2 protein chains.
Amino acid sequence: MSDRKNLERVVPIGVLAEQTGVKVETIRYYEQVELLPPPERTEGNQRRYGRRHVERLAFIKHARDLGFSVDSIRTLLKLSDNPDLPCDQAHAISVAHLDEVRHKIARLRSLEKELERIAATCSGGVSACDCAIIEALADHSQCAHHQGGVAEAWR
Amino acid sequence: MSDRKNLERVVPIGVLAEQTGVKVETIRYYEQVELLPPPERTEGNQRRYGRRHVERLAFIKHARDLGFSVDSIRTLLKLSDNPDLPCDQAHAISVAHLDEVRHKIARLRSLEKELERIAATCSGGVSACDCAIIEALADHSQCAHHQGGVAEAWR
DNA sequence: TCTTGAACCTCTAGTCGCTTCAGCTTGTAT
DNA sequence: ATACAAGCTGAAGCGACTAGAGGTTCAAGA
């Protein structure tokens, strides 16, 4: 009975990976950067994870999917470990991140427009079209709005 | 007269940086990865750039601002150097990139909604709010749409 | 019990597009 | 002549993994 419980709950890294959708290598990486605490090991030095690890990794995965940095997640995990701490910080992190996402969207949208404009001028015919795309890239002055560049949207 | 022309046209790296808005270190990096051809040097081994370098770097900068990868830019530069080549490839690169941008926007928008939802549930009061943000992260099942994750939007 | 082979282990290096640093040398203005 | 800004090289660091080499362990079938 308790044997079966152990069988269900103490899993090798591959099973943890499958259960959470996080790659094996990434799990080991998370352990290395101290997001995930080191699990028990078998006599042969292989990792065996319990239910708490599964939960913690699911938390991490979800937060990463939402685009939180590993550093932010470290803080969020600390907060989640100490429920007596006020959650101001968690709120601040989320709001800051939301802000960042919105800025990124805005920049990408202006990028999109610019690219649409450029791509539309040349339909890619084989003939010598004196490529409008290349001209547009060479001549910045054609650009609709060109203060500062939008490249930060990629970082 | 021709002396003055030289003074205007043959510039050190710092001036090129200023003129194009590309940092000095980045210019050297572009030379290293063979986006920008190596310029002439003074007797004391310092780089001196001409008008063609300025133009080429402006092209690169513009393309980077639009989010093209260094690799794509290499191809675009090759095309721009050989105007007799058909511009199909340039068109393909632009369209592929535009597609990528649109996907990124879509993913970020769903991220935005999710984050709004999560952040709204907790206003960050100091009192023991049993933080809804942290709960939401821990419990993936609350998530509105959770196939696949949206993290790729960050790459 | 033995053998296979998938799964695991560690460690290192590579990815992208820069940025930063250390420790020099050169150019220019006074 | 001197000071000091600007330039030089080469290597390492960033974030968040990913990939590979080269070895070990585990579990299942014969």
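Any value given below was found using the heavy atoms of this structure, including those in side chains, with hydrogens, waters and symmetry copies removed. Just so it is clear: chains get the letters A, B, ... in the order the sequence lines come, proteins before strands, and each one is counted from 1. For clarity, every value in this text was computed on a predicted model and none was experimentally measured.
Note: CD1 (B/I73) to C1' (C/dC16) measures 12 Å, nearest angstrom. Spacing between atom CG of A/L66 and atom P of D/dA16 amounts to 14 Å, rounded to whole angstrom units. Taking atom CD of residue B/E31 and atom P of nucleotide C/dT19, one finds them 17 Å apart after rounding to whole Å. Note: CG (A/D71) to C1' (D/dC17) measures 16 Å, nearest angstrom. Computed from coordinates, the B/I13 CD1 to D/dC8 C1' distance equals 10 Å when rounded to whole Å. Going from atom CD of A/Q32 over to atom C1' of D/dA16 covers 11 Å, rounded to whole Å. Residue B/F68 contributes atom CZ, which lies 13 Å from atom P of C/dG17 at whole-angstrom precision. C/dG17 atom P lies 18 Å from atom CD1 of B/I27, rounded to whole Å.
Applying the salt bridge (charged side-chain N to carboxylate O under 4.0 Å, His left out) test to pairs two or more places apart or on separate chains, those with a residue in residues 66-85 of chain A are A/R56-A/D81, A/D71-A/R74. The stretch residues 16-29 of chain B participates, sequence neighbours left out, in no salt bridge (charged side-chain N to carboxylate O under 4.0 Å, His left out) pair at all. Within the structure, ring-ring contact (aromatic ring centres under 6.0 Å, His included) contacts touching residues 15-53 of chain A (residues at least two apart or in different chains) are A/Y49-A/H53.
Considering only residues two or more places apart in sequence or on other chains, A/A17 meets the side-chain contact (heavy atoms from CB on, under 4.5 Å) condition with A/V24, A/I27. Contacts of A/E40 classified as salt bridge (charged side-chain N to carboxylate O under 4.0 Å, His left out), with partners at least two apart in sequence or in another chain: none. Annotation: side-chain contact (heavy atoms from CB on, under 4.5 Å) contacts of A/R52 (sequence neighbours excluded): none. Residues that satisfy the side-chain contact (heavy atoms from CB on, under 4.5 Å) test with B/E112, not counting sequence neighbours, are A/L98, A/V101, A/R102, A/I105, B/R109, B/E116.
Distances from the side chain of B/S69 to the nucleotides C/dC8, C/dG17, D/dC8 place C/dG17 closest.
For the pair B/T26 and C/dG17, the criterion of a side-chain N or O lying under 4.0 Å from OP1 or OP2 is not met. Remark: A/R64 is in phosphate contact with D/dC17, judged by side-chain N or O atoms under 4.0 Å from OP1 or OP2. At the phosphate of C/dC16, neither OP1 nor OP2 sits under 4.0 Å from any side-chain N or O atom of B/R74. A sub-4.0 Å separation between OP1 or OP2 of C/dC16 and a side-chain N or O of B/Y29 is absent.
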Below 3.5 Å between N/O atoms, which protein atoms pair up with nucleotides 2-5 of chain D? Just atom names and distances, please.
none

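Between the side chain of B/S72 and the main chain of B/F68, no donor-acceptor pair closer than 3.5 Å is present.
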Practice item. Any chance you could list the contact pattern along nucleotides 20-30 of chain C? Use B for base contacts, S for sugar-phosphate-only contacts and - for none, protein heavy atoms under 4.0 Å, 5' to 3'. Key: B-----SS---
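If you take SG on A/C87 and CG on A/N82, they are separated by 13.5 Å, rounding to the nearest 0.5 Å.
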